[in-house]
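Written below as structure tokens is the structure these notes are about.
Note that the structure is predicted; figures quoted are calculated from it, not measured. Convention: sequence-line order gives letters A, B, ...; per-chain numbering from 1.
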2 protein chains.
Amino acid sequence: MHLGLLYSGGKDSTLAALLLEDFYDVTLVTARFDVTDDWKHARETAEALEFEFQPLDLEREIAEEAVARIRDDGFPRNGIQHVHQHALEELAAAGFDAIADGTRRDDRVPTVSRAQAQSLEDRHDVDYIAPLSGFGRQAVDRLVDAHLEVTVGPSEEIQRADYEAELRAILAAEAGPEAIADCFPDHEQTYVTDVR
Amino acid sequence: MHLGLLYSGGKDSTLAALLLEDFYDVTLVTARFDVTDDWKHARETAEALEFEFQPLDLEREIAEEAVARIRDDGFPRNGIQHVHQHALEELAAAGFDAIADGTRRDDRVPTVSRAQAQSLEDRHDVDYIAPLSGFGRQAVDRLVDAHLEVTVGPSEEIQRADYEAELRAILAAEAGPEAIADCFPDHEQTYVTDVR
């Protein structure tokens, strides 16, 4: 069975890939808006981990809608959720037998409810799998420590390829670099370099 | 890290074991009330799969409370939930670094809410993991078809070792065998014999 996993190069989606690799033919799929080249960081990590990789082109309009929402809200949660749901819809239509993402039990964003999962599956005749949704933050951290080589840093400095990077670039172009600090609280993000 | 997985010998908890075995030292743990010897079926399957196995002795009082609830309700859901929560509490106190069960995304019983999971983890300093909670029924069925040798049959006929077997035995002793058909709708259960 061919599975497409939404992949950022971060620790969560990388751990999700390792959990699934014995059970599916996993392709790591990174969404991109043609705004920046950040998706290439995910491709590098996918290659280092010896996974198949493919980009998933999304309409720039979706990113612009997300940025407008983030500017209105003053925080990124709803805008990122908007992009994630769109990315899952596009991935579900891409011909895989199953699709997956790296959402954890304790994630506040993005989230995929049971009803949303069932709807995706029914409309696209695909299995949707969230392999980390039964793992809490501490369990994920312990597995990451044991299995991955990870770089940790503030979101704006590290090399990573979730769609936040492109959203931040659009936001900076529209409203200046200072808008990034206003709208994105400075949380740490991670970028995986290799498996141990 | 040592992980104890609540294990019935059924397809869900067996698949959960396979998903976790590359990441934890997994021991399959089967709850028993000293009512019947059904737990031995789970031990046989654990041995066939070459997993560590240990029984988990629960107070017979818990089973009797569950059966009283099932007789009051006329259906097993709340009684089984009562036993499952008690089993998780006992397993959490048994000294493992992490504990797990085979609950699926679409299960109506047993269920473990995010708040219950967090409470278990905080009170017992243990990770609680539900590796199948991100998988829907169809995804589980497809993985089972690909990876397990499974026997399927009505609950009353097949050899299995979830605590339902002992609850049914207590119910039959208290209220006669016909009470089983009244209280347990005839759903199919599965018993794993080996991996493919």
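- Contact count against chain A (heavy-atom pairs under 4.5 Å) is highest for B:Asp127 among B:Asp127, B:Leu19, B:Thr103.
- B:Asp106 has its side chain within reach of A:Gln118: a pair of non-hydrogen atoms, C-beta onward, lies under 4.5 Å apart.
- The backbone N or O of B:Ser8 lies less than 3.5 Å from a partner atom in the side chain of B:Ser13, making a donor-acceptor pair.
- With a 4.5 angstrom heavy-atom cutoff, B:Ala98 does not touch chain A via any of its atoms.
- Of all the listed residues (A:Phe135, A:Phe23, A:Tyr128), the one sharing the greatest number of non-hydrogen pairs under 4.5 Å with chain B is A:Phe23.
- Side-chain contact between A:Phe33 and A:Val83 is present, with heavy atoms from C-beta onward closer than 4.5 Å.
- At a 4.5 Å heavy-atom cutoff, the contact between B:Leu18 and chain A is made by backbone and side-chain atoms alike.
- Of the possible donor and acceptor atoms, none in the side chain of A:Gln81 sits under 3.5 Å from a partner among the backbone N and O of A:Val109.
- Across B:Gly136, B:Ser133, B:Pro131, B:Ala100, the residue that shares the most heavy-atom pairs under 4.5 angstrom with chain A is B:Ser133.
- The distance from atom CG of B:Leu132 to atom CZ of B:Arg104, rounded to the nearest 0.5 Å, is 8.0 Å.
- For a residue to count as touching a neighbouring chain, one of its non-hydrogen atoms must lie under 4.5 Å from one of that chain's; by this rule B:Tyr24 touches chain A with the side chain only.
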